[in-house]
There are 2 protein chains.
Amino acid sequence: MIIAPLAPATTASVLAQRLREAIDAGRWSPGELLRQEQIAAEYGVSRIPVREALAQLQSEGLLEIAHYRGARVSRPQAQEIDELFDLRLLVEGDLLARALGRHDQRSLRELARLQDRLEDADDRLGWISGDIAFHEALYGPAERPRSLALFRQLRAPIDRFAAQALGPGARKQGWANEHRQLIAAVAAGDAMAARSILEQHLQATRAVVLAACSGEGEN
Amino acid sequence: MIIAPLAPATTASVLAQRLREAIDAGRWSPGELLRQEQIAAEYGVSRIPVREALAQLQSEGLLEIAHYRGARVSRPQAQEIDELFDLRLLVEGDLLARALGRHDQRSLRELARLQDRLEDADDRLGWISGDIAFHEALYGPAERPRSLALFRQLRAPIDRFAAQALGPGARKQGWANEHRQLIAAVAAGDAMAARSILEQHLQATRAVVLAACSGEGEN
DNA sequence: CATAGGATAATTGTATCCAAAATTTGCTCT
DNA sequence: AGAGCAAATTTTGGATACAATTATCCTATG
């Protein structure tokens, strides 16, 4: 529970959050231009905070900005997606290994609770944010803030396509199974099994994202 | 040879580059405030591009910005530096392994040439940019743009302290030896040796950076 | 008819100006 | 004299206005 916010919201930061959600929701298709004036008018602000928010989203890998030319939702190439998933396996594998011995009764119950909530969620954005929350709880005990930030950063540019792919019912079962197996492996302290399940989980997600990314938004 | 720049420079982007260099050169000590007005006056521009440049440098991890309070050079905690070096070993180890089989006569000659230039450089910024160039040439054949970008990102917040530590003559010899050994291991295609030398190289650098970071700029 | 050239419009980047927040200064009261 | 509070100054965040660059459309020409 947060008492005093460390970084009191500024127009640009809340705008960035709103735009993040709008992008994940698929408001702009990859390649489509985000017009500063239009966004400014829509949110009732000037173009200055809009520009700062767009720059922020660029640094997160969601947008590509060309000078004097505009910002557009990035569509990673298949090769780049492969690379991102390889990096995720490196970073998340390390986080998982370090978190293994540090989980306790409470953190495991929290994991199970998050997974329950995740399976109850019925909208795409809820799944994505729930999945992020689950993995953050999974890696949290490692106490590696920088690696955790990197985990978020590596997900950001592809979650948009994962959300697209997680339409009605698609692969939700296998997804949930892998999460349950991860919890079990962590509870048992089985590093090998955990690593193996994580790898399988990421491979499956990679395939889904690749399909969604190549299939959508042909501009 | 570049004919037409893909991204024509804008005031904010050249300012960001200038400020990057100024920070690496130690113009501001960690914790010291960077005043927008002062920087704007100094470079003869308004505060708008200054703010955008500062935001960019924040996203690179060089600065920490608090709302209405100002930007200051970040001083990572020892624990954070440890984590950054662990991540570097993960990412650079992967890059090195992937690049190993892809080096050829020309790329090896280029590596040797860069190392020669590096040993001739006589100022701190030259060493740092030379070291970056060397490692980029070392990992380049892996053809992993995203990992290479991550390599730069993981270095950025600590290079400032590496530059500080690389004062007159300090550890330059061991540093050069490790680079030469890396070239030899790559030429021989010896993955184990290359990995081992890289690990040793990063451990040594970590110690230097930790010492420089904790010892300097007590604000 | 396709295309090169140039004027016009649309859009981004930057400067100037105003508002909000924080830091500093100086005063009061104990 | 020192702690606490309030006005003044400083500094940052945002809005408006202007300049620079790019995109569009129209015309003229081979």
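Note that the structure is a prediction, hence the values are computed from the model and not measured. Naming convention: chains lettered A, B, ... in sequence-line order (proteins, then strands); numbering from 1 in each chain.
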- request: Search all heavy atoms of A:Ser147 against all heavy atoms of A:Leu95 and return the closest pair with its distance.
  value: CB-CD2, 3.7 Å
- request: Among B:Arg27, B:Arg35, B:Arg18, find the one that has a salt bridge (charged side-chain N to carboxylate O under 4.0 Å, His left out) with B:Glu42.
  value: B:Arg27
message: Treating primed atoms plus P, OP1 and OP2 as sugar-phosphate and everything else as base, which nucleotides of nucleotides 5-17 of chain D get B, S or - for protein heavy atoms under 4.0 Å?
response: ------SBBBBB-
- prompt: Separation of A:Gln38 atom CD from C:dA10 atom P, in whole Å?
  reply: 15 Å
message: Among residues at least two apart in sequence or on other chains, which ones pass salt bridge (Lys or Arg N to Asp or Glu O under 4.0 Å) with B:Glu136?
response: B:Arg152
- request: Heavy atoms only: give me the nearest A:Ala142-A:Arg102 pair and the separation to one decimal.
  value: CA-CD, 4.1 Å
field: Intermediate values then yes/no, side-chain contact (heavy atoms from CB on, under 4.5 Å), A:Gln77 and A:Asp82
entry: CA-CA 9 Å; A:Gln77 300 299 100; A:Asp82 267 342; over 6 Å; no
